[in-house]
Amino acid sequence: MRYAMAIDTKKCVGCSDCVVACQTENHVPIGYCRDWVVEVMDGTYPQLEMEIRSERCNQCGNAPCVRCCPTGASHFEEGGLVLVTADKCIGCGACIQSCPYDARYSHPDGHVDKCTFCNHRVEVGGKPACVEACPTKCMYFGDLDDPGSDVSKVLKTRKSKTLIPEAGTEPYLYFLI
Amino acid sequence: MASRRDFLRVSAFGIGGMFVAAAGLKLQASISDLNERSDKLYLNLIKTPTYCEVCFWKCAGWVYKTDEGEIWKIVGNEIDQHCNGRFCPRGTGGVGMYHDEARLKTPLIRTGERGEQKFRKASWEEALDMVAKNLQNIADKHGPETIALLSHGSGGKYFTNLIKALGSDSSAAPSFSQCKGPREIAFLNTFGEEVLSPERTDIRDTRCMVLIGAHIGENMHNGQVQEMSDAIDKGASIITVDPRFSVVAGKSKFWLPVKPATDIALLLAWIHVIIYENQYDAGYVEKYTYGFDYLKQHVKNFTPEWAYGITTIKPGTIRETAREMANASPAVIIHPGRHVTWYGDDTQRLRAVAILNALLGSWGRRGGFYQPESMPVPSAPHPPYPKPRKTWRDALNGKFNMTELPLASEFVEASLPDSDRDLQYKAWIVNGTNLIFTLPDQQKTIDALKNLEFVAVVDTMPMEITAWADVILPECTYLERYDSIRNSPHRLPSIAVRIPAVDPKYDTRSAWWMAREIGLRMGLDDYFPFETQEEELDWQLKELGTSLEEMTRKGVKNFERSWDDLYIAKGQEMEFFTNTGKIELYSTSMAAAGFDPLPVYTKHELPPAGFYRLNYGRAPMHTFSRTSNNPNLTDLMAENTLWVNPKISKIEGIENDQYVWLENSKGIISTFPIKVRVTERIRWDSVYMVHGFGHQNKMLERCFGKGASDTELMSIVHKDPVMGGTGMRGNFVRIHIEKPQEELS
Ligand code: SF4
């Protein structure tokens, strides 16, 4: 089993519903976020191109945050999920520094926090809150080992990319282009 | 390696917030037990149905609560046609409306001058007595017809019932004269029917959609955004006409960066190409339309070459895009937009849009415009309303005869000290609309407010308008109240209910209750036959074959259509609700009223040297000025920015993130500075900002003084002579690095 997510940049309008859906679902305190929207512009008026995408933890296969965690709070779980055990986290912030995607933040309760692919929902057969909320249905989630999953199917038919592949982190967050 | 700092982070504080140990923010549970609890909730949920009130789209959804009974999250109702189970960011963040600690908490009675913001707390008893007494005095002294209601949202119905029972028919919503009015009048005079809300655009099955200044995706009209996404998936082409590189421009096959205020010339050229290249749907045009020959003659000289000189869009592009539309016909939508009060000839522009749709045979066709149906909901039985001695039309003195609805902006004119209107207003009830930020020419609105004998404002939040009230009645949010049955037209007729998820916070009440309490105090008992809203809803729902109990479980109910007529069947005989019974390319009503029966292009004023056209629009995470203080949504976007082209930033010597002041051509200076966003996404002759920021009410702690208000810079208003819409895009601003001194006049 290998969970992954693909985000269709052709459909994403950058509305941030994913952000607020995550914040409410996961009780992320106001002022913090586990996912965010990025807009990249290219060209000069009127020859312009724009890519909009919703970003979050890449649930890396070779996760620098897990490697550098001194307490084992950052760890891998079933399906390749990278998670943080809050009780074990001492808030040293090494993982924050090591993440090339800036996906982690210091929670005001003193531990590090980040996207979990909503494993509490996934475990009971649901999808991450962002995926279910997105009004453009631009997010696809599922098990890459299952060829019938939404994410496997869309990755088969569409061109995609990952972010900062040169960092060697084996990201599992794909962007359809 | 690209770093995220090269990018514009559209939403949320991520980086900034990450390393800051904010005090006082406490998670309600630690991560591990949160997961456990979420599991449980995910399987075994307590949910209450509602329909969203953060904007007019009214998506139906479910409110989930935590074990402690606090509102946790709001998600869409799967079977709802407005949202298909998915809310927009504002709807998801609607929880913030409930939690906002700046909410109005008790009734308030004015102690200082109007506008001074001096109030004292009052009991409901005292506040309602005062409203009833004042309305009664005014009704006795000047006649009940001098009482006007200005509203936007669910509460409007109940206060309309109140003023009608008194003998006034003056109930207006700015959503008509400041927004979609020209569109509705243009379509009414072409197809005999309005576009309605939600729009009857069949986007999900379209093959080509043309957006003219409509920035779907930035305006988060949920169903439209969703269907646009579906259409993109299915390979539909999008043609976007916008001087600004909108989000959807970035998803379009063609982006036409039109010179502002020249859209009609482009539309006429498209009509020219489609007619003279024989690209129109000849069978449809012949069978269903009236006035084709007039139209053909009319557009003879409106060639793409002619339009090029006006719009700066190349003739080749005009032809290519016209063919793109024609190839998709009839599954093509020239989208009528929603906020269309721009330059004062808006009804004519929308007539051109309607004509183009008619030529391509898209009205009543799959992938074009479907024929919506709504479920008629009976209103509570009551005696007939007294006939008003004067009607809202008497407040227009013979102007804007083609409007079908009262005009909020003309209520202002008819409330001014020197008004010569045949009907002059003496009292306003205002519900759910921040008129100071809604109506252009703020000074006029303020002059009217000063002149009125009585002003009552009903709202959930302190707003600029509440400062002008004699009495403020605090409304509970949509999450804390019942409301009327939603029966908006759609593909299937449907109903949705709003059931309170929690008890009203603070000393707040529903508009239903307030209107009734005022009515009872004025002896209008017969117009408020039900003692509780539950009883009224249950009665109405039983008339519809269901019940409050069933709807509390389901939230939404879709019904079968009464006819199988979502689209016009091939060869079907049709009678349209126009004078000729046909789709009127040539409008007989407009001709009779002395207006151009076929749209013409008129030149609009250009910005003077050193000035830029002030363009404005929407952000997906906010609705007008009403959400600016919502803690969840402010977190996504806390202030608006001033978009300027890099060329302009050089000329003006300004940089990204610098704060500047704006001054319009009438010398009005923005109260607050606005942050500069240098971007290629905008033309050099205009600047752009998102509407709804620059709040001046200090009670709005989070958003006070954040960003600038576009409305306060709109002192030039181009009124649409056809229906009275207020064109607001003819305002020009210049940029100041230091705050300029106001000239003493
Ligand atoms: S579009 Fe968004 S704000 Fe408007 S009703 Fe729907 S969920 Fe609410």
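Just the heavy atoms: all of them, side chains too, but no hydrogens, waters or symmetry mates, feed the values below. Sequence lines set the chain letters: A, B, ... in the order given, protein chains first and strands last, and positions in each chain run from 1.
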Determine whether [X] and [Y] make a side-chain contact, defined as any pair of heavy atoms from C-beta on separated by less than 4.5 Å.
X       : Y        : result
A:His27 : B:Thr66  : yes
A:Pro46 : B:Trp255 : yes
A:Asp8  : B:Asp233 : yes

Heavy-atom proximity to chain A below 4.5 Å, by part of [X]:
X        : result
B:Ile74  : neither
B:Asn84  : neither
B:Ser246 : backbone
B:Val75  : neither
B:Arg90  : neither

Please answer whether the main-chain N or O of [Y] pairs with a side-chain N or O of [X] as donor and acceptor at a distance below 3.5 Å.
X        : Y       : value
B:Glu680 : A:Tyr45 : yes
B:Asp635 : A:Gly31 : yes
B:Lys251 : A:Thr9  : yes

Quick check on the interface: out of [options], who has the most heavy-atom pairs with chain A under 4.5 Å?
options                                : result
B:Cys88, B:Cys83, B:Gly85, B:Gly223    : B:Cys88
B:Asn632, B:Thr679, B:Ile232, B:Val225 : B:Asn632
B:Leu633, B:Asp230, B:Thr92            : B:Thr92

- Task: Answer with side chain, backbone, both or neither: which region of A:Cys134 has an atom nearer than 4.5 Å to a non-hydrogen atom of chain B?
- Result: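 The answer is both parts of A:Cys134.
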
- Task: Give, as side chain, backbone, both or neither, the part of A:Val131 having an atom under 4.5 angstrom from any heavy atom of chain B.
- Result: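 For A:Val131, the contact with chain B is made by the backbone alone.
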
- Message: Testing B:His221, B:Gln226, B:Gln224, B:Met228 one by one against A:Pro135 for a side chain to side chain contact (heavy atoms under 4.5 Å, CB included), which residue passes?
- Response: B:Gln226

Measure across [X] and [Y] and return the closest heavy-atom pair with its distance rounded to 0.1 Å.
X        : Y        : result
A:Ser16  : B:Met621 : OG-CE, 3.4 Å
B:Pro631 : A:Ile30  : CB-CD1, 3.7 Å
B:Pro620 : A:Gly14  : CG-O, 4.2 Å

Taking everything shown except [X] itself, do over 12 heavy atoms lie less than 6.0 Å from its [atom1]?
X        : atom1 : result
B:Lys314 : NZ    : no
B:Glu101 : CD    : yes
B:Lys234 : NZ    : yes

- Test side chain to side chain contact (heavy atoms under 4.5 Å, CB included) on B:Glu218 and A:Val13 and set out the steps. CA-CA 7 Å; B:Glu218 282 160 287; A:Val13 294; over 6 Å; no

- Task: Among A:Thr85, A:Leu83, A:Leu163, A:Val20, single out the residue with the greatest number of heavy-atom pairs under 4.5 Å to chain B.
- Result: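 Counting heavy-atom pairs under 4.5 Å, the top option is A:Val20.
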
- Query: Would you call A:Glu39 and B:Arg677 a salt bridge, using N to O less than 4.0 angstrom?
  - Reply: yes

- Task: Run the numbers on A:Lys137 and B:Glu227 for salt bridge (charged side-chain N to carboxylate O under 4.0 Å, His left out), then give the verdict.
- Result: CA-CA 10 Å; A:Lys137 286 177 262 167; B:Glu227 294 198 15; over 6 Å; no

